[in-house]
Number of protein chains: 2
Amino acid sequence: MVRARATVRDLRRQNRSVLLTALFLDGPLSRLQLSASTGLSAATASTITGELLDEGLLTEAGSVESDGGRPRVLLRVNPVFGHVVGVDVGETGIKVELFDLAMTRLSTVDLPVAAVRPGPVSELVAAGVAQVLSASGVPASSVLGVGVGVPGTVERGTSAVVHAQTIGWDAVPLERMIREAGVEPPLFVENGAKTQGQAEMWFGAGRGARHAVIVLVGSGVGVAVVTGGVMHRGATSNAGEWGHTTIVYGGRRCRCGVRGCLEAYAGAEAMLGRYREAARDGSSAPDQVSALEELLTSRSAAARRVVEESVGYLGAGIANLVNLFNPERVVLGGWAGLALGARQLDRIVAATAEHALRHPYAQVRIELGRTGPDAVAVGAATLPVAALLETGADPRSARRAG
Amino acid sequence: MVRARATVRDLRRQNRSVLLTALFLDGPLSRLQLSASTGLSAATASTITGELLDEGLLTEAGSVESDGGRPRVLLRVNPVFGHVVGVDVGETGIKVELFDLAMTRLSTVDLPVAAVRPGPVSELVAAGVAQVLSASGVPASSVLGVGVGVPGTVERGTSAVVHAQTIGWDAVPLERMIREAGVEPPLFVENGAKTQGQAEMWFGAGRGARHAVIVLVGSGVGVAVVTGGVMHRGATSNAGEWGHTTIVYGGRRCRCGVRGCLEAYAGAEAMLGRYREAARDGSSAPDQVSALEELLTSRSAAARRVVEESVGYLGAGIANLVNLFNPERVVLGGWAGLALGARQLDRIVAATAEHALRHPYAQVRIELGRTGPDAVAVGAATLPVAALLETGADPRSARRAG
DNA sequence: GAGGCTTATTTTTAGGCGCGAACTAACCTC
DNA sequence: GAGGTTAGTTCGCGCCTAAAAATAAGCCTC
C-alpha cells in the first residue's frame, strides 16, 4: 500500500521491464502484438524495443507474412545477450548448469560431495562455475549472475547467510565465501525449495497461476508459496517452513525436536521410518529412492497402511495450505512427491478435499510437478534472469555488458 | 513481478498517493518534511500539495517556528474533506459508526438483530447508515464510502458475495442487497477478521510492521495476514482460514465437519465445550463472555487443565503461522484472545516458542491487540480511506465531492 | 531598526516520457 | 503498377519531476 515515490525514469524502467518480461515469457512477438498485450501505445512499444535492440537485449526472430500487409517482424530476447548459471547445492553433491537467456542448457557439471561443509562447498561451486564456462566457451564477462539453491533458509542482508539445521549449517555466510572462492558475477543465494518452486512457476505446472503453492516432498517436505505472482519470503526470508508445522499435536517426535510436525509423517524419511516400525521385514533397498519405490509398490498390508496414512497426512497438510493461502493451483513435486503422486494423486486430492473448506477447495487445481530432476538448478538460474527482467535491464544501473 | 504498463498520469497518481499516505499516517508535516520523507523533490512536493490543497483534500494545520528561518507550515489531511462509515455485522447485532477523515468517531449506532438473515441485515445496515448521518448532520454526499465487516469469507467480483457457513449464508450478494436497501456511497464488503486486522495494523499493535499476523480468538478463531504491507487475500479472497487448519489429525470433530481443526480446540466455544465435558458442575454464566471469564478465573483442576491445554493448542497454531509466514509481529486479539492473553500471554508465547523453529521465532514479537471492542467497525471504515489513499484521490476518476 | 542570516516555499527552466496523429515501409491482389 | 492493407516510425503535445533560482518570512546582531 505504501509505495515509493516515482520519477519519469522509473516510468521508463517499468515499461522496459513490462516489454522484456512479455517477450521472455511469451516467446517471439511483433511490436504490434507487444503493444496490444502490454497496453502500451504502438509508438512507445516501438521506441522502447528500438532501444533494447540497440543495447543488444533483443534480436529479430524472422518475420511472419500477413494477408496483404507488411509482414510483422518478430522480436525475442537475445539468447546470447548474456548467460546465467544455476547451482544446486544438495546433501550429496553439487550440480552446476549454464544457460543462455533463452534458458537453453549449454553445459552441466555434477560434483560429488563427501561432507557438506561450507568451505569445500564454496570451493566446489567456484570450480563448477569455471568448468561449465570453459566447457562451453562462454566468457565469464557474459555471465549476468549465478543463482545458488541451498538446503535450509537464506537470510538476505548485504550478503546472504544460510541456516540449515539438518546439515549443521548455522549462519554460514555462503555468499561471501563463494565470492571469495573466486566467483565474480552477481550471486543470488536462495532456498532450494523456493528455486524449484520458481522453476515450476515459469516452466512447469505453475505456469500462468498468480496464486500457487508448490509442495515439495523429498526426504523431508517443503513448500514455496506464490501470492499475486510474487514468491513469499516473509520478514527475514524464512517463510514457508511447512514441514515443521504441527499437524498431530503431541504426536511423533520430529528431527527438529518438536512433536507432531508434518515432516514427521509425510516425508520419505518419515514414511520409511514408519514402515520399518510397522513391518520388521527390513527393506533391502540400498538408498531412500529405491526404498520408497519398494514401499509404494509393495502389496503387504503394512506397506499399504503406511502409504494410506501418509496420503492422509499429506492431504491434510495440503488442505491447511489451501485454507490459509487460497491458491488457484497446488503443484506436488519433489522426488518423493512425484513418486507418491504418480500412483496416488487421486487419493491425495481426495484427502485434501476431505480436510479443506469447501469454498477454497473449489478454487484449486492440484497437479503433479512437471520439471525434471534439475529443477533446483534451473530455478536458481532464473534468479538473475528475474532480476534482469524486474529492473528492465536498465543500462543506467551498473551491469556487465553482453 | 509482472507489472502493468504506466504513463505519466500514473506517475502523478502514485506520487499523490505517496504524499497523501504519508500525511494520513504520520500526522501533520511541513512540505519540506514531506519532501524528505517521501524522497520527492521539494518542488514536486510543493506543487502536488498545492493541488491537493486546492481540491480540499488537505488543510494547513498551524505553523512551527524555527530557529532563525521561515516557519514551516504544517499540512494535514482535511478531516472534513469527506467521511467514512464502518459497519460491523455480527451474529447478535449490527454496529454502525461514522468517522471523519481524521478517523474521529462522530456517531455510533447499535442495532440488535434477532436472526442474521441477509434481507433484514441489509435493511438494518441501510437504516444504521441513515441514522449515524442524520445524528451528526453529515450529508450523504460527503460519505466517501461505507465499509462492511462480515463474518465468513467475501468473494470480490463485480459485486461482493458472502459465504458464511456458520450462520447459513451461502453466496449471499450482500453488496447488491445493501445497495438496493438504499445505501448510495461506494461499498466495501470484507471479512470481519480482516477489517479488524486492518484496524490493528493502522492504529493498534501492528503499527509499523510490514509482515504481521493478527490472530483473532473469539467464539471461533480467525487470522489476518499482512505480508509486505499488504493484506493477504488469495486467489478468491478466501485466504486466512486458519481456524479450520488441522492441528490434531483425526482429533475432535469441528463444526465444519472435519476432525482436528484448530477451532475445535482453541476458540472460546471449544474451550467451554471441553470444560463442560471435563467438569460436570455446569457453568451458570448467562453468556459466552462471562462463561469464559469464569473458566479463566476458576481454580478447579479441570478448568486449569482446559486452559492449559488451550494455551498449548493456541501456541502450536501460532507457531504454525510463524513458521509459514515468518512475520515480525504477531498480534493476539479478539475478545477471547484478549481475555486469555491478559492472564496467559507468557505461557502462550512459551508454547509458541516450543513449537516454532528457532530462527523464525527469533524474529517475531508477540503482543496483545490494542484496539477496542469496535475494531471491526473501525477497520471496516478504513477500507474506503485505503482506497482513497491508494488512488491518490485522483480527481480524474469518478469521485463524490467533499 | 536595518542589514544579514537562515530556513521554507514557490517559480522558472531543463530534460524526459507516453500518446495520438500523421507518415513511411513493405507486402498483397487485381 | 494502382490500390489496398497491415506494420512500424516520427513528430508535436501535454504532463511529469528535478534542479536551480527567486521569493517569503522569520530571527539575530550591532
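All chains are named by letter (A, B, ...) in the order of the sequence lines, taking the proteins before the strands, and each is independently numbered beginning at 1.
The side chain of A:T44 lies closest to C:dG18, out of D:dA20, D:dA7, C:dG18. Listed candidates were D:dT10, C:dA8, C:dC17. Nearest to the side chain of B:L32 is C:dA8. Taking every side-chain heavy atom of B:S41 into account, D:dA18 is the closest of C:dA26, C:dC17, D:dA18.
The interatomic distance linking B:L40 (CG) with D:dC16 (P) rounds to 13 Å, in whole Å.
Across all strands, A:A45 comes closer than 4.0 Å to no nucleic acid atom at all (heavy-atom distances).
Side-chain nitrogen and oxygen atoms of A:S30 include at least one within less than 4.0 Å of the OP1 or OP2 phosphate oxygen of D:dG8. Phosphate contact (OP1/OP2 of D:dT17, side-chain N/O of B:N15, threshold under 4.0 Å): present. Remark: B:T7 is not in phosphate contact with C:dG18, judged by side-chain N or O atoms under 4.0 Å from OP1 or OP2. In this structure, A:R5 reaches the D:dA18 phosphate: one of its side-chain N or O atoms is under 4.0 Å from OP1 or OP2. Taking only side-chain nitrogens and oxygens, B:R72 never comes nearer than 4.0 Å to OP1 or OP2 of D:dA25.
The closest donor-acceptor contact from the side chain of B:R105 to the backbone of B:F99 lies at 3.5 Å or more, if one exists at all. Under the 3.5 Å distance criterion, the side-chain polar atoms of A:Q14 are matched with a main-chain donor or acceptor of B:A4.
Along DNA chain D, the nucleotide nearest to B:V8 and the one nearest to A:L74 differ in position, and the one closer to the 5' end is contacted by A:L74. With DNA chain D read from its 5' end, the first of the two nearest nucleotides for A:R31 and B:G39 is the one closest to A:R31.
When all heavy atoms of B:M103 and B:V84 are compared, the pair lying nearest together is SD-CG2, 4.2 Å.
One N or O donor and one acceptor, one from the side chain of B:R70 and one from the base of C:dA8, sit under 3.5 Å apart.
Salt bridge status for B:E55 with B:R16: present, with a side-chain N to carboxylate O gap under 4.0 Å.
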